[in-house]
There are 4 protein chains.
Amino acid sequence: HLPLALIAGPCQMESRDHALETASALKEIAGRLGIGLVYKSSFDKANRTSANAARGIGLKEALPIFAEIRESLALPVLTDVHEIYQCAPVGEAVDVLQIPAFLCRQTDLLIAAAQTGKAVNVKKGQFLAPWDMANVVAKVIGAGNADVLVTERGASFGYNTLVSDMRALPVLAETGAPVIFDATHSVQQPGGKGSSSGGQREFVPVLSRAAVAVGVAGVFIETHPDPDNAPSDGPNMVPLDEMEALLRQLMAFDRLAKGGS
Amino acid sequence: HLPLALIAGPCQMESRDHALETASALKEIAGRLGIGLVYKSSFDKANRTSANAARGIGLKEALPIFAEIRESLALPVLTDVHEIYQCAPVGEAVDVLQIPAFLCRQTDLLIAAAQTGKAVNVKKGQFLAPWDMANVVAKVIGAGNADVLVTERGASFGYNTLVSDMRALPVLAETGAPVIFDATHSVQQPGGKGSSSGGQREFVPVLSRAAVAVGVAGVFIETHPDPDNAPSDGPNMVPLDEMEALLRQLMAFDRLAKGGS
Amino acid sequence: HLPLALIAGPCQMESRDHALETASALKEIAGRLGIGLVYKSSFDKANRTSANAARGIGLKEALPIFAEIRESLALPVLTDVHEIYQCAPVGEAVDVLQIPAFLCRQTDLLIAAAQTGKAVNVKKGQFLAPWDMANVVAKVIGAGNADVLVTERGASFGYNTLVSDMRALPVLAETGAPVIFDATHSVQQPGGKGSSSGGQREFVPVLSRAAVAVGVAGVFIETHPDPDNAPSDGPNMVPLDEMEALLRQLMAFDRLAKGGS
Amino acid sequence: HLPLALIAGPCQMESRDHALETASALKEIAGRLGIGLVYKSSFDKANRTSANAARGIGLKEALPIFAEIRESLALPVLTDVHEIYQCAPVGEAVDVLQIPAFLCRQTDLLIAAAQTGKAVNVKKGQFLAPWDMANVVAKVIGAGNADVLVTERGASFGYNTLVSDMRALPVLAETGAPVIFDATHSVQQPGGKGSSSGGQREFVPVLSRAAVAVGVAGVFIETHPDPDNAPSDGPNMVPLDEMEALLRQLMAFDRLAKGGS
């Protein structure tokens, strides 16, 4: 088993400066810890709770910034796609295309992402059982791309609440794809604040420790220098200055999980 | 309150002949019963459980058939869209554009559908609370189209199972949009058969009676002359020859619900 | 199918006067409507959220009052038992022994209730699937008492929330036992107010109409002259002065459900 | 934080010999590992799915056996009580009285258990939110006994399935009571086999590692020399000969969780 990898970054790309700063900061942390890092940011929040919420800087502005992060910082980058037409241009600019949870059953989007030849990270829908992801993975592989990852980010549990079923992690692993645990969306309270989603940031260390102890290939953690003033997902993002301590913990659990069993 | 309306048809458009036959048969039934009918069929099943499942005849072949049904049978027609680019051409050919449940939070798709000027029927995501649909309706209205309907089709309840919360119907009605109860998808067992979804056809009359007694603007019922051999959603579609008796029952409950309270 | 029956009364017996008044008032309403009535009240709320909450007047004080209601008003009465030793004395004083939902799997309590020879109404646990009640009914019948009823009162749905699955009603009917829909506990929000349970009284007519349209033997509705000042379950009880209109509606739906199908 | 403790034993007491053998075997394992052990066994399975299932040897036969285990093996013992009258005699014979999950809201049982002066371990109901246990703990403490533990054993998640919400563990800890994770009942599938409950033994290590990584005072693991032939809970018990390896793992995670954060 490879050691724990990290997918991290702010929920949405706010500006070139903001992106480069957060990427640099994360690169430094990852370097000190010796953890593999993929920088994550979204150019468009296409499914905000409310139409009035900020959506991000858009595809055209974002792609050169991703390119700059890859070149100047030598970091692999990940972003999510929502429409078929986005896959080809995004595929040229990033290392990993991510399929949002709500869209994990959209066959054409999965195939278009697969056909870029880049890695594809599919988030498991909140409405799916973990074993249902075998069909999703098969769609990507069937399109000629075996470089597929699957991400657990919580299952619907009553209204406005998710629950993280740790049994899902070994079930997802049976697909053969590396399993990522998304620690920040798993603590989302979808729609929980009326016109935006709430979140329970305090449970990020709880759930990520649990997932890493069970055994995962990586963790996905959204982080921000100032979550309370972030344009989206503030209630569930981890403050950037708490990341190093959290990761240090998770890496210790990962070593134990992968060495000891 | 207007009397109960009906949205009905086979899950997917199989051929011109099949579409015209089922539309004619439904038109006859609706005529005998005096119930308003919108013919529903999908040109593409874009989110099948498995990539190997049949997806339908496609946009180009379907639009002229919808046009023919509108003209020759004078029936309004409804179909679902999955991509922004589909909205304009589909909007010219049909009376109602439907947004699938998984896509009910995709802002751009909602806006593109709204901008056709045609009615937009949004299915509530299995992962949404009923009150969350207020934000969804606001997205459509905010795009300049007040002709929006909302459809209840079940909420996630553990794995591979949905539950129909009848409290959702009055909550959805508070959006101001007419509320439709989707009686056939509400009995789906998503992914319940491994590489396809199962269904509990026997509960369609149970749930639709309950919903109509609570009070809805319409019911959505997928039907097929031979569900067991249908290319999709067979386990939950109602046999065409059972539709008339079922509708007669529902109309009686509707009269009581709307007259008596 | 027999016409709809009614089990109704205040959640807890507060005093002799209160019991006789509510029983008289309900008897009058039932007489005007021609609906069969069983008077319900609890002598002890044995599982209050908080130990500080009022529990009721107790077994010894309650039994003579139940006897008085039976004799002076000629009403059958129902109360719930929580301990084996209560079954025999309660069985002599009432017509129906009720097993609370939390206790529906306690074999000895079911058997002790069955052995009184009186009717036994078992509430389905919030943690049980409807088909699991077949085993519960078998426990009562196996103890020599075939006079058993089953009551739907909601299933756990995330935290502090219940959902009423209308499919449960025909599944419960397959046990052969008459099925009762408990319209007031189904709208409870267990523990939802911290040290007491919340409730959504406004959904009682919604859920009870749905259940009666599906088809049930009876409805269970807790009612109180002044729910907002009741010692327990106030948020979900129906004001006594709204009962007649509600029941009139439900009886119309019941006639349609039982005549028309 | 004290190191991880273990509550373990066969689901039900089958005979004196069986009890002494399993207790000895567990004592040897615990001694080798240096983990504190409480021996658990039930004298009566009072809430079996079916009335025909074996219930255990009963209170009278069991108490001397518990006494013998305490004396000859110097092990503290735990058993569960279902009726008020059982609390006093059981309290004299054992070290910890356990309140079953279904009964966790029965005020009188909690108080009777508390009044024995022995430790009381309350299992959280499958129908309760973790924060609801604050009221339960207050009932025990209010009866004069501060020696109360709380146990997580899964929450209802659709029908016949439980889910373990790891966020529950820190929430339960806020009650001030030591938190136990019941790894074998958390993988139960209640009623999942028709007339008995199913279970997913393979997930015991998964969920227990997760819980210990989050941080708990102890784990509760039912074990049996031959689970497939055990009279109850076979599908979820851990084979006795796998316990040592499992515990070794859990103790390593516990040291990391308690030392490293």
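These numbers were taken from a predicted model, which means no experiment stands behind them. Chain identifiers are assigned alphabetically (A, B, ...) following the order of the sequence lines, protein sequences preceding nucleic acid strands; residue numbering begins at 1 within each chain. Heavy atoms only: backbone and side chains are in, while hydrogens, waters and symmetry mates are out.
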*What is the distance from atom OG of C:Ser156 to atom CZ of D:Phe157, rounded to the nearest 0.5 Å?*
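Atom-to-atom, C:Ser156:OG and D:Phe157:CZ are 12.5 Å apart.
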*pair D:Asn47-C:Leu103: side-chain heavy atoms closer than 4.5 Å*: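 No, their side chains stay 4.5 Å or more apart.
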_So for atom CD, which belongs to D:Glu92, do other residues, nucleotides or ligands contribute more than 12 heavy atoms lying within a distance under 6.0 Å?_
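Open.
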_Give the interface residues of residues 141-148 of chain D toward chain C, defined by a heavy-atom separation under 4.5 Å._
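None at all.
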*Is there any residue in residues 126-134 of chain D with a non-hydrogen atom under 4.5 Å from a non-hydrogen atom of chain C, and which ones are they?*
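Residues in range: D:Gln126, D:Phe127, D:Leu128, D:Ala129, D:Pro130, D:Trp131, D:Asp132.
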*Under 4.5 Å from a heavy atom of chain C, the part of D:Ala138 involved*: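 No part of it gets close to chain C.
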*Using non-hydrogen atoms only, which part of D:Asn52 is less than 4.5 Å away from chain C: side chain, backbone, both, or neither?*
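Neither the backbone nor the side chain of D:Asn52 comes within 4.5 Å of chain C.
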*Under 3.5 Å, side chain of D:Thr107 to main-chain N/O of C:Ala46, donor-acceptor pair present?*
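Yes; at least one donor-acceptor contact below 3.5 Å.
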_Check against side chain to side chain contact (heavy atoms under 4.5 Å, CB included), D:His82 and C:Leu109_ = CA-CA 10 Å; D:His82 321 277; C:Leu109 183 62; over 6 Å; no
*Among the options D:Val163, D:Leu110, D:Ile84, pick out the one with the most heavy-atom pairs lying under 4.5 Å from chain C.*
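If we count pairs closer than 4.5 Å to chain C, D:Ile84 comes out on top.
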